[in-house]
Amino acid sequence: MQVKRFFAADMRQAMKLVRDELGADAAIIGNRRIAGGVELTAALDYKLSALAPRVPNVELEDELRKTQSRIVTAQAEISGRNELGDGNRQLFAGQSLTASEPLVEPHVEAPQAAPAPAPAPVEARLLDAMRSELSGLRELLEVQLGSLAWGQLQGSKPQQANLWRRLQRLGLSGGLARELLELTAGIEEPRQAWRMVLAHLARMIEVPQIEPIEEGGVIAMVGPAGMGKTTTLAKLAARYVLKYGANNLALVSMDSFRIGAQEQLKTLGRILNVSVTYVDPGESLAQALEPLLRKRVVLIDTAGLQASDPALRMQLETLAGRGIASKNYLVMATTSQKQVLTAAYHSYKRCGLAGCILTKLDETACLGEVLSLAISHELPIAYLTDGPRIPEDLQLPRKHQLVSRAVSVQMQDEPSEEAMADMFADLYHNPGKRVG
């Protein structure tokens with residue numbers, strides 16, 4: 001019997017290491033959270049190999065439900081101030097306490113009339129450990145069930161499995177792929193089914209009915225650093241000036257954190273003959289905008305700050321404040337990873353998002369991830385940028401053209417079995433949702 005430990009940042013990466021080294025017949029005999037990731041213990045030719053993801057792991061699911069029940073019970077008792085003492089260790093071990101059992105064992109025999117000693121509170125670290133263990137079990141179960149579901153689909157519905165592979169090559173999320181395939185379930189001819197899948201994908205993409213700078217008002221570029229906010233603002237400003245002149249346009253910079261950011265905007269203002277206003281942290285944006293309200297369009301460049309930076313919350317609250325009426329567009333580089341895009345959306349949605357702008361399309365190797373996010377959160381795609389030229393490389397989105405572009409940059413290689421299993425695990429992690 002070969003037993004080995006594997007360390008990785010998350011459960012899916014750990015499972016891939018197990019499969020690559022020990023093969024599909026390896027059995028997971030232990031898992032735990034560690035600093036910086038997870039640890040899996042796997043065995044080959046292990047006696048309990050029936051626990052490998054060939055059949056549903058009923059025992060693991062039962063244990064998961066029991067663990068959830070214990071955590072709920074413990075939390076309810078804490079909130080009700082019915083705190084457990086040393087007996088909490090028995091509870092978490094699956095042993096119940098009877099009314100006759102003492103919660104705290106006294107070191108010496110106390111007088112009968114003396115009050116009972118106060119029970120010790122449940123230690124927070126025990127609950128944290130249980131939550132961590134529960135999370136690990138759930139993630140492991142999702143990976144196993146995803147692998148099982150994918151294997152069953154290949155055997156029972158090979159044509160549908162082929163469509164799943166093609167959608168995975170586009171980079172679409174598991175939830176969105178499932179929704180598209182449900183819409184085309186009655187079409188048997190493969191080519192027609194694929195054309196209808198792409199047609200439905202194009203219909204799901206939202207674009208503004210009126211171009212933002214044509215509609216006018218205060219328009220802010222928000223998003224993390226490196227997404228292309230300042231360059232996009234420059235393209236929008238140049239596009240407006242070439243069409244309507246510089247008189248009714250103003251630029252505002254809220255980025256006093258990045259070296260040279262204000263200097264870039266100052267250079268742009270000088271070239272376009274457009275006024276530039278700088279707003280430092282703590283200053284009132286409403287007061288800065290007041291003399292600019294007569295302008296038809298005001299473009300705001302914001303600072304790309306980390307989610308943990310207190311200045312980010314202040315900036316977002318300012319943009320969402322009364323009297324601003326700013327239309328905020330999340331700028332997302334299509335070269336960014338799925339996790340980065342998802343984190344950006346959740347960080348910046350607090351200011352209220354009117355839509356998004358997709359940048360760096362000329363550099364991307366996949367459009368499915370950013371399209372999945374925009375569709376899932378109903379973010380209209382206002383503009384596309386696909387090169388460094390100002391303003392020539394700023395485009396208005398066309399739904400079918402965007403889908404065609406997603407197909408043209410799709411992965412050329414067939415997705416691996418691990419990638420397909422992960423796509424199905426995504427469905428177990430987010431049932432009923434488009435995006436994983």
Side-chain angles (χ1 to χ4, degrees), residues 159-160 162-215 227-228 232 235-236 239 243 329-336 338 341 345 353-387 389 391-415 423 433-436:
Q159 180 176 316
Q160 191 178 37
N162 184 54
L163 290 174
W164 274 98
R165 287 192 189 94
R166 298 185 74 172
L167 291 175
Q168 204 282 336
R169 288 173 62 187
L170 292 182
L172 298 181
S173 68
L176 181 55
R178 176 179 57 191
E179 188 171 346
L180 289 168
L181 293 180
E182 286 175 351
L183 292 171
T184 56
I187 304 175
E188 296 183 0
E189 205 282 315
R191 292 185 180 179
Q192 184 183 1
W194 180 241
R195 286 196 296 268
M196 289 304 299
V197 163
L198 297 181
H200 283 297
L201 177 60
R203 292 190 190 102
M204 289 179 177
I205 298 172
E206 294 185 40
V207 298
Q209 294 183 351
I210 304 175
E211 182 185 351
I213 61 172
E214 293 287 344
E215 187 177 13
M227 294 292 178
T232 300
K235 292 174 181 178
L236 287 171
R239 179 183 179 92
K243 193 169 185 179
Y329 287 88
L330 179 62
V331 180
M332 297 189 291
T334 56
T335 53
S336 300
K338 171 185 173 182
L341 297 172
Y345 169 76
L353 296 174
C356 62
I357 297 173
L358 308 186
T359 64
K360 305 183 182 181
L361 270 75
D362 55 317
E363 303 175 22
T364 189
C366 176
L367 278 176
E369 292 179 347
V370 72
L371 290 180
S372 294
L373 188 145
I375 292 171
S376 169
H377 299 295
E378 300 179 350
L379 287 177
I381 301 174
Y383 293 100
L384 310 173
T385 72
D386 55 1
R389 296 180 301 169
E392 289 84 0
D393 292 329
L394 178 74
Q395 314 294 337
L396 294 176
R398 300 288 183 267
K399 296 182 179 184
H400 286 85
Q401 291 178 2
L402 196 51
V403 171
S404 296
R405 192 159 192 165
V407 173
S408 68
V409 298
Q410 67 181 330
M411 293 180 291
Q412 298 304 313
D413 298 331
E414 284 294 318
M423 194 176 191
K433 294 185 179 180
R434 286 175 171 173
V435 173

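Atom CH2 of Trp194 and atom CG of Leu167 lie 4.5 Å apart (nearest 0.5 Å). If you take CG on Leu176 and CG on Leu170, they are separated by 10.0 Å, rounding to the nearest 0.5 Å. Atom CD of Glu214 is separated from atom NZ of Lys243 by 4.0 Å, given to the nearest 0.5 angstrom. Of the inter-residue distances, the one linking Met196 atom CE with His200 atom NE2 reads 4.0 Å to the nearest 0.5 angstrom. Atom CD of Glu179 and atom CG of Leu201 lie 10.5 Å apart (nearest 0.5 Å). Rounding to the nearest 0.5 angstrom, the gap separating the CD atom in Gln395 from the CG atom in Leu358 is 12.5 Å.
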Verdict with supporting geometry, Leu172 and Leu180, side-chain contact (heavy atoms from CB on, under 4.5 Å): CA-CA 10 Å; Leu172 298 181; Leu180 289 168; 3.8 Å; yes

Verdict with reasoning, Leu183 to Met204, per side-chain contact (heavy atoms from CB on, under 4.5 Å): CA-CA 12 Å; Leu183 292 171; Met204 289 179 177; 3.8 Å; yes

Derivation and outcome, side-chain contact (heavy atoms from CB on, under 4.5 Å), residues Tyr329 and Thr232: CA-CA 11 Å; Tyr329 287 88; Thr232 300; over 6 Å; no

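Looking at Glu369, its side chain does come within 3.5 Å of a backbone N or O of Lys338 through a donor-acceptor pair. Distance alone, capped at 3.5 Å, is enough to place a donor-acceptor pair between the Thr334 side chain and the Thr359 backbone.
Residues Cys366 and Gly171 approach most closely at SG-CA, 3.7 Å, considering heavy atoms. Taking each heavy atom of Pro380 and Ala354 in turn, the nearest pair found is CD-O, 3.6 Å.
Between Asp386 and the options Arg405, Lys360, Lys235, a salt bridge (Lys or Arg N to Asp or Glu O under 4.0 Å) holds for only Arg405.
For Glu188, the CD atom is loosely surrounded, since the number of other residues' heavy atoms within 6.0 Å does not exceed 12.
Under the salt bridge (charged side-chain N to carboxylate O under 4.0 Å, His left out) criterion, Glu211 pairs with Arg239, sequence neighbours left out.
Side-chain contact between Cys356 and Tyr345 is absent, with no heavy atoms from C-beta onward closer than 4.5 Å. Leu373 is listed as a side-chain neighbour of Met332, based on a closest heavy-atom distance under 4.5 Å. The closest side-chain heavy-atom distance from Ile381 to Val370 is not below 4.5 Å.
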